[in-house]
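The next block holds one structure in the form of structure tokens; read it before the comments.
This is a predicted model, so every value here is computed, not measured.
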Amino acid sequence: EVQLVESGGGLVQPGGSLRLSCAASGFTESTYDTYAMAWFRQAPGKEREGVAIIGAGGGILYCSTSMKGRFAISRDNSANTVDLQMDNLKFEDTATYYCAASPRTANCLLHTINYWGQGTQVTVSS
């Protein structure tokens with residue numbers, strides 16, 4: 001069973017930066033580098049939404065224009081990790097951020113994801 005463990009969340013002031021990391025393990029039928037990896041987030045009282053996807057081949061999709069300019073997703077296939085660099089954070093970025101994985105292609109929709117991490121809290125507050 002694929003396991004995803006996030007780290008790097010915390011409290012940050014508006015305009016600040018955070019880097020989230022996700023360590024993936026438990027790949028038995030295929031290897032990490034064949035999986036699409038993603039970050040989603042869920043704010044209080046709102047539905048979970050896609051943030052960014054990075055495919056097995058390295059192709060990247062950001063789920064909104066505001067994220068594309070401020071967030072950067074990257075993966076290290078030698079370490080089985082996927083990171084999310086978040087810059088110029090805003091109050092509305094406050095949410096629980098989830099690492100996600102799919103053995104096939106994935107996009108910003110929840111149904112394309114097979115595995116989820118437990119989440120890490122990001123709070124943007126002055």
Apply ring pair (Phe, Tyr, Trp, His ring centres under 6.0 Å) to Tyr97 and list each qualifying residue two or more places apart in sequence or on a separate chain.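 Ring pair (Phe, Tyr, Trp, His ring centres under 6.0 Å) list for Tyr97, sorted by chain: empty.
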Once you round to the nearest 0.5 Å, how far does [atom1] of [X] lie from [atom2] of [Y]?
X	Y	atom1	atom2	value
Asn107	Thr112	CG	OG1	4.0 Å
Ser25	Asn80	OG	CG	8.0 Å
Thr81	Asp76	OG1	CG	4.5 Å
Ser66	Asp93	OG	CG	7.0 Å
Gln42	Thr96	CD	OG1	7.0 Å
Asn114	Arg104	CG	CZ	4.5 Å

If you compare all heavy atoms of [X] against all heavy atoms of [Y], which two are closest, and at what distance to 0.1 Å?
X	Y	value
Cys108	Leu61	SG-CD2, 3.7 Å
Leu4	Ala101	CD1-N, 3.8 Å
Cys63	Gly50	CB-O, 3.1 Å
Leu89	Arg70	CA-NH1, 3.9 Å
Thr94	Ala43	O-CB, 3.6 Å

Indicate yes or no: does Arg75 engage Asp83 in a salt bridge with an N to O separation below 4.0 Å.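 No, Arg75 and Asp83 are not salt-bridged.
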Is the CD atom of Glu92 crowded by more than 12 outside heavy atoms at less than 6.0 Å?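 Yes, enclosed.
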Phe91 and Ser126: side chain to side chain contact (heavy atoms under 4.5 Å, CB included), yes or no, with the steps? CA-CA 9 Å; Phe91 292 118; Ser126 55; 4.1 Å; yes
Any side-chain heavy-atom pair of [X] and [Y] under 4.5 Å:
X	Y	answer
Val82	Ile54	yes
Gln13	Ser125	no
Tyr35	Ser30	yes
Leu110	Phe40	yes
Arg41	Met67	yes
Val122	Met86	yes
Cys99	Met37	yes
Tyr62	Ile53	no

Taking the six-membered ring for Trp and the full ring for Phe, Tyr or His, determine whether the centres of Phe71 and Trp39 are under 6.0 Å apart.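 Ring-ring flag for Phe71/Trp39: false, centres at least 6.0 Å apart.
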Check whether Ser102 reaches the backbone of Ile113 with its side chain - one donor and one acceptor, N or O, closer than 3.5 Å.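 Here the side-chain-to-backbone pair does not exist.
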Should Gln118 and Tyr98 be marked as a side chain to side chain contact (heavy atoms under 4.5 Å, CB included) after you check the CA-CA gap, both sets of side-chain angles, and the distance that decides it? CA-CA 7 Å; Gln118 293 297 309; Tyr98 295 91; over 6 Å; no
Test Leu11 against Gln121 for side chain to side chain contact (heavy atoms under 4.5 Å, CB included), laying out the working first. CA-CA 8 Å; Leu11 174 65; Gln121 179 66 37; over 6 Å; no
In this structure, would Tyr32 and Ile60 fall into the same cluster of hydrophobic residues linked by side-chain contacts under 4.5 Å?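 Yes, Tyr32 and Ile60 fall within the same hydrophobic cluster.
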Candidate pair Val2 and Trp116, rule side chain to side chain contact (heavy atoms under 4.5 Å, CB included), full reasoning: CA-CA 9 Å; Val2 172; Trp116 297 93; over 6 Å; no
